[in-house]
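Notes follow once the structure below has been shown.
In this chain, numbering begins with 1 at the start of the sequence shown. Since we're looking at a predicted model, the values are computed, not measured.
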Amino acid sequence: MSLLSDLINLNLSDDTQKIIAEYIWIGGSGMDMRSKARTLPGPVTSPAELPKWNYDGSSTGQAPGEDSEVIIYPQAIFKDPFRRGNNILVMCDAYTPAGEPIPTNKRHAAAKVFCHPDVAAEETWYGIEQEYTLLQKEVNWPLGWPIGGFPGPQGPYYCGTGADKAFGRDIVDAHYKACLYAGINISGINGEVMPGQWEFQVGPSVGISAGDEVWVARYILERIAEIAGVVVSFDPKPIPGDWNGAGAHTNYSTKSMREDGGYEIILKAIEKLGLKHKEHIAAYGEGNERRLTGKHETANINTFKWGVANRGASVRVGRDTEKAGKGYFEDRRPASNMDPYVVTSMIAETTIIG
């Protein structure tokens, strides 16, 4: 195995200018991540330097077999923490050969929102709290839980330490460092309320880059868990009963909200979100009704309410924001399996464009 390890860790830059680019795209379920690699003649600094590529969409549930070619357009590049050197990860979106975005390409519509002059002028910032659950591969049961049984009740696990409270920290820390290496604006990690559940935060990120960074952070997490022989679940309620679900709380601000007098802008934005509550809920992730029950730090899915420092609200405003009279707010409704392109652009569209 030492020879295999040596080969995997070969530093190509010592012997060749060529690099490996891992092209990443979103598969037919809207949550599965696919990727494949190609050799390029030398280092690149911009996605504009990269060629488009294609894949068999009939094998990902995104095209019929008789017309299966899907074209992927490079949109963002990151350093590759697995191959290192000058090798890169490339976040792509997918199009038909005629240049039309395929149905699972949510980035295309989001980019249009973020290019709107009113949205661009507001310099939208996002901080996304991505929760997830680590599962034992063979039994599809949370890491650290007795097979077929349950651990002690919630309480000691949130930000907990110790072998009986924190399960999978090696995966979590490896992911944290790999994201930093890649150039993702990851801002922190913590253990969550349910044992085996963790969270990482991405941001503040501006506009469309928030979606790119969350998707690539998810990809890196899946790859690390693959090495560890562990499954990552983004299910919003992986275990029924008296256990917390998994969300993707989305913190948001505009330039106007961050300036003096911004608190009034925040209140107006929250009012707009309330008026379109049903539309947002419909786009905030599948299975979210199992999570948004009014219990376990959530608001009921059918009710929109906001509050200061209220973790049982749909939208929470922090004490610091209230005190300063400017800042940001947190939309607590998105599920852990939400599409960050959809959620970030929808919040901007509702609060700025109307």
Side-chain angles (χ1 to χ4, degrees), residues 30-31 33 126-136 140-145 151 154-160 165-169 171-176 178-179 184-203 205 210-211 213-222 224-225 230-252 281 283-299 301 311-316 330-344 347:
M31 271 304 293
M33 305 204 70
Y126 297 91
I128 297 173
E129 306 170 29
Q130 176 68 70
E131 293 179 341
Y132 60 94
T133 308
L134 298 175
L135 304 177
Q136 303 169 61
N140 211 37
W141 198 239
L143 201 64
W145 290 35
Q154 296 183 154
Y157 310 107
Y158 172 70
C159 297
K165 302 178 190 71
F167 310 114
R169 192 186 294 276
I171 295 169
V172 174
D173 273 353
H175 175 249
Y176 195 176
C179 285
I184 292 167
N185 194 20
I186 187 170
S187 48
I189 55 102
N190 61 268
E192 268 304 328
V193 177
M194 190 184 86
Q197 191 181 88
W198 295 82
E199 173 184 300
F200 65 87
Q201 302 95 31
V202 170
S205 300
E213 292 186 14
V214 169
W215 274 116
V216 175
R218 286 174 173 176
Y219 174 82
I220 292 172
L221 177 60
E222 293 272 18
I224 291 171
V230 171
V231 173
V232 179
S233 171
F234 293 105
D235 190 290
K237 187 73 173 180
I239 305 296
D242 196 18
W243 303 98
N244 273 37
H249 301 156
T250 301
N251 299 275
Y252 169 72
I281 286 295
Y284 274 15
E286 290 187 23
N288 213 7
E289 72 282 351
R290 293 181 282 116
R291 167 180 163 261
L292 297 180
T293 61
K295 300 177 180 178
H296 304 110
E297 301 181 55
T298 69
I301 194 168
R311 295 182 185 276
S314 312
V315 171
R316 181 184 68 89
E330 174 192 43
D331 191 338
R332 298 179 59 82
R333 297 171 295 171
S336 50
N337 60 0
M338 63 82 159
D339 187 323
Y341 293 135
V342 172
V343 170
T344 57
I347 292 172

Check against side-chain contact (heavy atoms from CB on, under 4.5 Å), Trp145 and Met194: CA-CA 11 Å; Trp145 290 35; Met194 190 184 86; 3.8 Å; yes

Check: [X] side chain, [Y] main-chain N or O, donor-acceptor pair, under 3.5 Å:
| X | Y | answer |
| --- | --- | --- |
| Gln201 | Glu129 | no |
| Arg332 | Glu297 | yes |
| Trp215 | Met33 | no |

Are [X] and [Y] side-chain neighbours, meaning at least one heavy-atom pair lies under 4.5 Å?
| X | Y | answer |
| --- | --- | --- |
| Glu286 | Asn337 | yes |
| Leu143 | Leu135 | no |
| Val214 | Gln130 | yes |
| Phe200 | Val172 | no |
| Thr344 | Ile128 | yes |

Glu131 and Asn244: side chain donor to acceptor below 3.5 Å: no

Donor-acceptor pair between Asn190 and Glu192 side chains, under 3.5 angstrom: yes

Tyr176, OH atom: more than 12 neighbouring heavy atoms under 6.0 Å: yes

Test side chain to side chain contact (heavy atoms under 4.5 Å, CB included) applied to Ala174 - qualifying residues, sequence neighbours left out: Ile224

Aromatic ring pairing His175/Tyr132, orientation class (parallel under 30°, perpendicular over 60°, tilted between): perpendicular

If you look only at distance, which donor and acceptor atoms sit under 3.5 Å apart when one is on a side chain in residues 231-238 and the other is two or more places apart or in another chain?
| from | atom 1 | to | atom 2 | distance (Å) |
| --- | --- | --- | --- | --- |
| Ser233 | OG | Asp235 | N | 3.1 |
| Asp235 | OD1 | Lys237 | N | 2.7 |
| Asp235 | OD1 | Arg290 | NH1 | 3.0 |
| Asp235 | OD1 | Arg290 | NH2 | 3.3 |
| Asp235 | OD2 | Arg290 | NH2 | 3.3 |
| Lys237 | NZ | Gly241 | O | 3.3 |
| Lys237 | NZ | Trp243 | O | 2.3 |

Over all atoms of both residues, closest heavy-atom pair of Ser205 and Ala210: CB-CA, 3.7 Å

